Structure formats: C-alpha cells, structure tokens
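Report on the structure given below.
Since the structure is predicted, the reported quantities are computational estimates derived from the model, not experimental observations. The sequence lines fix the lettering, A, B, ..., with proteins before strands; numbering per chain opens at 1. What's counted below: heavy atoms across the whole structure, side chains too, no hydrogens, waters or symmetry copies.
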Number of protein chains: 2
Amino acid sequence: MMVEERVAQMVARLKDGEHRITPQRLAIFKILASSAGHPSAETIYGALLKEYPTMSLATVYKTLAFLKQEGEVLELQFSDLGNRYDGNKPYPHPHIICTGCGEIVDPCLFDLNDITQKMMAETGFTIVAHRLDFYGLCPECQQKNLNDLAG
Amino acid sequence: MMVEERVAQMVARLKDGEHRITPQRLAIFKILASSAGHPSAETIYGALLKEYPTMSLATVYKTLAFLKQEGEVLELQFSDLGNRYDGNKPYPHPHIICTGCGEIVDPCLFDLNDITQKMMAETGFTIVAHRLDFYGLCPECQQKNLNDLAG
DNA sequence: TCCTAATGGATAATTATTTTCCATAAGGAA
DNA sequence: TTCCTTATGGAAAATAATTATCCATTAGGA
C-alpha cells in the first residue's frame, strides 16, 4: 500500500469514530506510514521536531496509545529496546530482530492459523492475537563480527 | 524434571562457572524451579520475604540477570505486565497469555525448527532464538465474561 | 581459621511511559 | 464565516520497573 493511501485510510477510520484529525496526529500518521522499520516513540518524536518544534513526547505517546486502541498500529513491547510501533501492518506477523544493531525486519508472511487452531483446541483459550519474533544477527552484523575477529 | 533435580542442576552449573551459591540465590532457584507459572521479580521477592526478611528486590533482579546470562532462566519481556521469568524451561517455547488475568501457560510443545530454517534462508539472518506468544482469554476469564454479561 | 573477591542490601539513579491540568484549536452548528 | 463545545496538545510532574552505587558482609578455597 502506498504511503498516502495508508494515511488516508487512517484518517477515514478515525473520522468515522468521531475523532479529530489534528496536524500533529496527521504528521504522526505520515511517519508511521512511511517507516519501513519499526520506530520507537522517541524516534517518531525526533523526526517530528524539525517540522513541529513544539511537539511533545506525551503527544506522541497519546497518539500511539490511541492508534493502538483503534487497531491502527501494532505495538511490539521490549523492556530493553523500548516499545516499537508498526503502522503499516497493524496485525500479528513475524519479525526478525537483530541482537547486534536492533534492526527489526519483516520477513515474507506466512500464517499461524493452523497452529493457532490447535492451540485453542488444546488449551481452551480463545486466542485473538499472537506474536512471533526471531532473534539473531543480520547479515551486516555477521560481517562486522568477522571483521572484528580478523582485525 | 523434579524441583530438587532442577535446583541441583542450577547449583552444579553455577559452581562450574566459579560462582558462589549463597542462601539467597538458592532460595531464588527453588522458587523458580517450583513455579509452574511465570513469576515476576516482584512475585519472587514477595514469596521470599517471609523466609528472608532482609531480602532486597535488587538482589532478586541481580540474580535473575545473572541466571539469564548463564542461560538458566528465560526472560519474557512485557512493558505492561512487567517481565516474567521461566526457570524450568530456559529455552524458547510457545506461551499463551490471558489478556484477562495475566496468566501465562505453557501449551504442549511443538518446535519451529522448520520455520526457523526457512527464515534464515530467506533473510540471511543467523537466528539463534525466538519467541512465540499467543494472546487470548483463558477458560476462566471467558466464563467470567459470560457471567458479567448475564449479571 | 584466614583471606579475598564476590555478593547482598539500602538507597539513589535511570529510563520509559503515563497522568494532570489548563489553554488551545478542530470542526460541526448556526 | 463565526461561534461553541469539547477533544486535544503541551509542559511538567508522577509512576513504575529496572539498574547502578557503595560499602559491609560472607562464601568457600587456601
């Protein structure tokens, strides 16, 4: 989906819910829609400061909480890296996290529907979401490690 | 594995590494080995206070960080629930988390080896660990919801 | 028993996130 | 377009989890 398309989608959905579209919110939507990675609140805040010098971190957090509640953003919780946000695919999907540089990548999708069904049958839970993260070193960090060993 | 067996295992491994076995550490090992659930640092601290009135939360955190580094405990990070610890199966395995009561259950195991192999081939990452969490309502919370609606 | 580095505990510090409170502004209504 | 109401933004304080500091204590080998 194109960036403008995704932004328009967020705006439309929020208007339906009788929520206001403010310049600050729109700016945050744009950042989320145009981020390939998974920015933190702090990263989003930093990217907005030039255009919105009065922007407050609290506003970023409020907007993220709001988008999360509306199902328009996926929150990935990390107590060490800080939480990260995905506004492009706000539904469960796998991630690969580099333990070297902290990069978070979306691999091609595959779904866990079959496994989820089995889990529900086995445990009696009603499962509505999941999270699947793989941890390792990205190609760049692997190379860097080799160089460090050689040098 | 029996509780004593697991505790003995932790003690043996730490002694190998030239680490000291103190009464406080031993007590934390026992709690971890005998917890079916996934206690938080605070929960472990609370359980120890009766026997060790001078126990400090810092000691619990230090010991958990130490066990994590030694690969004897699995840390599950949650920025909202607080981190939880699993000293019985300190290796990646799936969890089911109840969004109602916060309970964390281990379903029967299945492995993601095949999927992990595919991920590595696709992305070029060297994957060394993963995390798979399912979110939903446990049977008790489902029943409670029904009762709330009826009442 | 002695010795010494590792450890425990009280406390302060950090860091991410949330709340408060009030002035401001969005956007529907007139 | 102007007005009005109420949601929102922003500064700052408050929370809460976790980590670091500092020093007295103690585990456990010599």
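- In this structure, R25(B) satisfies the cation-pi test against F66(B), with its NZ or CZ atom closer than 6.0 Å to the six-membered ring centre and inside 45 degrees of the ring normal.
- Residue H38(B) is tested with N83(B), N88(B), D106(B), T43(B) for a side-chain hydrogen bond (donor to acceptor under 3.5 Å, both in side chains); the sole match is D106(B).
- Neither side chain, D111(A) nor H93(A), offers a donor N or O lying under 3.5 Å from an acceptor on the other.
- Side chain to side chain, Q24(B) and T59(B) fail the donor-acceptor criterion of an N or O pair below 3.5 Å.
- Here dA6(C) presents its C1' atom at 13 Å from CD of Q69(B), a figure rounded to the nearest Å.
- At least one side-chain heavy atom of L48(A) sits under 4.5 Å from a side-chain heavy atom of I31(A).
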B/S/- along nucleotides 19-30 of chain C (protein heavy atoms under 4.0 Å) is BB----BBS---

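- With contacts defined as side-chain heavy-atom distances shorter than 4.5 Å, the pair E103(A)/I97(A) does not qualify.
- Only at 4.0 angstrom or more do the heavy atoms of residues 25-50 of chain B sit from any atom of DNA chain D, so none qualifies.
- Taken to the nearest 0.5 Å, the CD1 atom of I28(A) stands 12.0 Å off from the OH atom of Y61(A).
- The closest side-chain heavy-atom distance from R84(A) to E75(A) is not below 4.5 Å.
- Side-chain contact between Y91(B) and D86(B): absent, with no pair of heavy atoms (C-beta onward) separated by less than 4.5 Å.
- The shortest side-chain heavy-atom distance between Q143(B) and E140(B) does not fall under the 4.5 Å cut-off.
- Listed pair Q24(B) / dG9(C) meets the phosphate criterion, a side-chain N or O lying under 4.0 Å from OP1 or OP2.
- Note that the first and last nucleotides of DNA chain D, 5' to 3', having any atom under 4.0 angstrom from a heavy atom of chain B are dA17(D) to dG28(D).
- Looking at which nucleotide of DNA chain D each of F66(A) and L81(B) is closest to, the 5′-most match is held by F66(A).
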